[in-house]
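What follows is a set of notes on a single structure, which appears directly below.
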Amino acid sequence: MREHTLNGPSSLSRRAVCPGSLAVEAELATAKESFDQDAESGSRCHKAMEHAILRKERVELTNEEHKKCLFAWQALTFVLQGDRINDDGKTTKAGGVVYVEQRFERLPYSIGDQDEVGTIDLGINYQDHFLLMDWKFGGSFVPHPRWNYQFKGYALGIWEEFGAKPIHVACVQPDAMSSYQVVPEVYEIEDRFRFQREIDTIMERCHRSPTLHVGKGCQFCKGAKFMSCPKYREAMGLFAAIPGAWGPVMAGDDQLAKARLLTAAKAAEKGAKRLIAAAKDGILETGEEIPGYSATPTATGNLRLAARAEYPSWPNDVKEVSCEESDI
């Protein structure tokens, strides 16, 4: 079983959107957390990938889990671009050194007496770069590595452990889209100090201004799961009071699921509006349209964006790839 500390890399994105989550979760640090069905399924999928890479016995999976793992193996084949992990599970044909479930101690953004640790799913240390791959087998879409603090936290640990070299980060999300494929984001060594400042700022806000924000961070927060967050309890009571607002999708009395659905929707709506506004501002400043989109001026001086029919939506931004027979 993996061990994660309170502010491990997987918690950083949650801390960024809700600084108060640190204090709420700290109170529950000793609470016994039972795994739900999705978490157990994700653990099996992670174990299956580990065993496939290390050529260990196969893990018993459901048909759906097998499809996810096969997709993850295809993504790995795509990212390796002709390289291959050797049968020993320790090296690759091109000379990379393989690290599966690699644990990092004392991550460099640790604050106070608590040493933060984290565990990466797969890392391959090549002479000129480090490849970091992370499997996300849940149904929630996670931020691209360009904006994902979890991977930035891992990067700080990788640079400490393996030296100054570019890090190629690939996040595999089988449930994100049927034709989704991964193009690694490259973290350059020049990004190191910026990442450090960003994460230090997140930690500072958690300690100096621990405000609570109900939204997309709630899904993975223990404070929401154990109903110890006052803001989340307040929001859930408010949402449950809206009659007939859920329709057949959320029929029943699962108020927790309703709250999560609505908070996630509101967070997505806010983020989408911000992204669209930034895109329009960029077009107005540069005069250049975004590839795949047309921009039509409106009578009020604004812009109307429309996706071209032939252009695929992110993240299925590359062609389909085939793979060799896997050991999943």
Side-chain angles (χ1 to χ4, degrees), residues 2-26 42 102-112 114-123 130-136 138 140-161 166-173 176 182-224 263-264 267-268 270-271 274-275 278 314-315:
R2 291 179 166 206
E3 181 182 345
H4 293 289
T5 47
L6 196 58
N7 291 316
S10 61
S11 302
L12 292 176
S13 292
R14 181 161 70 257
R15 303 288 180 252
V17 298
C18 180
S21 64
L22 172 59
V24 171
E25 290 194 306
Q102 172 69 20
R103 177 182 166 93
F104 290 97
E105 307 279 358
R106 301 187 60 152
L107 290 169
Y109 65 82
S110 301
I111 293 178
Q114 175 68 61
D115 288 330
E116 307 300 343
V117 304
T119 304
I120 63 174
D121 293 337
L122 173 65
F130 190 97
L131 173 62
L132 167 64
M133 294 198 70
D134 194 85
W135 326 118
K136 300 295 186 186
S140 300
F141 191 73
V142 302
H144 186 278
R146 191 173 304 168
W147 301 283
N148 193 305
Y149 292 111
Q150 177 180 7
F151 303 132
K152 292 180 180 182
Y154 285 146
L156 293 180
I158 291 169
W159 280 318
E160 285 277 310
E161 184 78 15
I167 300 174
H168 296 199
V169 186
C171 178
V172 182
Q173 303 178 69
V182 179
V183 176
E185 176 78 4
V186 179
Y187 292 165
E188 301 290 355
I189 187 60
E190 292 81 7
D191 296 322
R192 183 175 187 172
F193 297 107
R194 177 168 60 85
F195 291 178
Q196 186 78 60
R197 288 195 303 270
E198 290 176 353
I199 295 177
D200 286 346
T201 299
I202 293 172
M203 294 291 95
E204 182 179 358
R205 288 174 180 167
C206 289
H207 288 276
R208 293 192 178 184
S209 181
T211 53
L212 292 167
H213 295 286
V214 175
K216 61 183 179 180
C218 295
Q219 182 175 2
F220 303 105
C221 182
K222 289 184 180 179
T263 53
K270 183 177 180 180
R274 188 179 303 149
L275 180 62
W314 188 87

[X] versus [Y], closest heavy-atom pair with distance:
X: Leu12; Y: Gly153; answer: CD1-CA, 4.1 Å
X: Glu198; Y: Tyr149; answer: OE1-CE2, 3.6 Å
X: Ile202; Y: Arg15; answer: CG2-CB, 3.6 Å
X: Asn148; Y: Ser13; answer: OD1-OG, 3.9 Å
X: Ser209; Y: Pro19; answer: O-CB, 3.6 Å
X: Leu107; Y: Gly157; answer: CD2-CA, 3.7 Å

Could you give the distance from [atom1] ([X]) to [atom2] ([Y]), rounded to the nearest 0.5 Å?
X: Leu122; Y: Asp134; atom1: CG; atom2: CG; result: 9.5 Å
X: Leu156; Y: Asp200; atom1: CG; atom2: CG; result: 8.5 Å
X: Thr201; Y: Gln196; atom1: OG1; atom2: CD; result: 10.0 Å
X: Arg14; Y: Glu25; atom1: CZ; atom2: CD; result: 4.0 Å
X: Phe195; Y: Ile167; atom1: CZ; atom2: CD1; result: 8.0 Å
X: Glu160; Y: Arg192; atom1: CD; atom2: CZ; result: 5.0 Å

Atom CZ of residue position Arg205 - does it have more than 12 heavy atoms of other residues, nucleotides or ligands inside 6.0 Å? no
Before giving the answer on ring-ring contact (aromatic ring centres under 6.0 Å, His included), spell out for Phe151 and Tyr187 the whole-Å C-alpha distance, their side-chain angles and the decisive distance to 0.1 Å. CA-CA 10 Å; Phe151 303 132; Tyr187 292 165; 7.8 Å; no
Between Lys152 and Glu185, does any NZ, NE, NH1 or NH2 come within less than 4.0 Å of an OD or OE carboxylate oxygen? no
Salt bridge or not between Arg194 and Asp191? Use side-chain N to carboxylate O under 4.0 Å. yes
Any His207 side-chain heavy atom under 4.5 Å of Leu22 side chain: yes
Which residues share a side chain to side chain donor-acceptor pair (under 3.5 Å) with Arg208, sequence neighbours left out: Glu204
